[in-house]
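Take a look at the structure set out below.
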Number of protein chains: 2
Amino acid sequence: MGKVITLGRQFGSGGREIGKILADELGFAFYDKELINKAAEASGIHRDFFENNEESVTGNFFHALTLGIYRNNNRLAEMNDISINDKVFLIQSDVIKKAAEEGDAVIVGRCADYVLRNHKDCHNVFIHSDIEERVRRATEEYGLDPDGLKETIIKIDRKRSSYYNYYSGKKWGKAVSYHMTLDSGVLGIRKCVDLIKELVK
Amino acid sequence: MGKVITLGRQFGSGGREIGKILADELGFAFYDKELINKAAEASGIHRDFFENNEESVTGNFFHALTLGIYRNNNRLAEMNDISINDKVFLIQSDVIKKAAEEGDAVIVGRCADYVLRNHKDCHNVFIHSDIEERVRRATEEYGLDPDGLKETIIKIDRKRSSYYNYYSGKKWGKAVSYHMTLDSGVLGIRKCVDLIKELVK
């Protein structure tokens, strides 16, 4: 069973970059959405499971989640085709659990803090930054068009928040949802990396 | 001008204790609500100011705060006698600013992060913990009666949240309001102290 760092982050806060540096320097495996999806596709472990158990799985999970929606945020309208989303979430969760069992890992996004809530050596971090600083980073470092970028960033974060609140039952961006949160705009990327290293030491 | 650490905290999270250890080990001055009030009373610097400028001060400040209330949380009903509260806030703010100018300091509560928003070397931290852990701490370490304690803690935190949101215009307990937030229940007091030392290094 590995030591795990999960990273939630506002779009443009540099959370993914912090995760990559941490993984490099600590010798941990690195997982983000793309890599988790690739692993899920490659494994194929869930294909049969879902084909044979579709009824019962979506039934139970859907029921639990529907209750969750109404309890949490009344955002049913934002979740299109719940059964497919829920399947994807389950498959991703399985990949995340497998990664955490196999060895040390940094995992960005995908509610990994919730998925690994029973994993002993798991450290949950959230990275945020001032919106102006995130626009700057997204423009200069991700090469995005600054036109309308602030609105796009706010929209992406609203989706992340919705996704996190829906699946984890916790509140995205609230201090109590994480072991540590850091302002990468004020502290800088390097300081964030050092603080997370101190956290997991 | 000193280096300052401000600490917001949930009741029973050990935030004050963390602040005291930090102040001891770093050789910083320590201020909490009691000490700030004592300093305000002893200084008497504001007495004349308020007696001579009451009209204009409460007028402007009240106007700004009233707007703030409606923008922030519609909690007008929770704020009794606004003009006296506002005066106390102004006097406390003055003590906090003076303390920060005079030397290195750890300041617990009183919206010090907001009061010192233009202070260059200021590090804003929030400490939280699971409610069960806070009940345990409040019982074992502060010697409080466990009967109805959970409800009391929730009520105290609601007041702190109200006070903070009203005066700072930020949201108490949201990651974006602070440079760093820490879960003292998961991490322990010692780890929190070490992480804050790393933050201000």
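Predicted, not measured: the structure shown is a model, and the values here were computed from it. Letters go in sequence order (proteins before strands), and every chain restarts at 1.
No more than 12 heavy atoms of other residues, nucleotides or ligands sit less than 6.0 Å from atom NZ of A:Lys174. No more than 12 heavy atoms of other residues, nucleotides or ligands shown are found within 6.0 angstrom of NZ on B:Lys150.
When each of B:Asp183, B:Thr181, B:Asp130 is scored by its heavy-atom pairs under 4.5 Å with chain A, the top score falls to B:Thr181.
Using a 4.5 Å cut-off between heavy atoms, A:His179 contacts chain B through both its backbone and its side chain. For A:Leu187, the part lying under 4.5 angstrom from a heavy atom of chain B is the side chain only. If you measure heavy-atom distances from A:Val176 to chain B, the contacts under 4.5 Å come from both the backbone and the side chain.
Between the A:Ser129 side chain and the A:Arg134 main chain, no donor and acceptor come within less than 3.5 Å of each other.
For the pair B:Arg190 and B:Glu25, the salt-bridge criterion is met [side-chain N within less than 4.0 Å of a carboxylate O].
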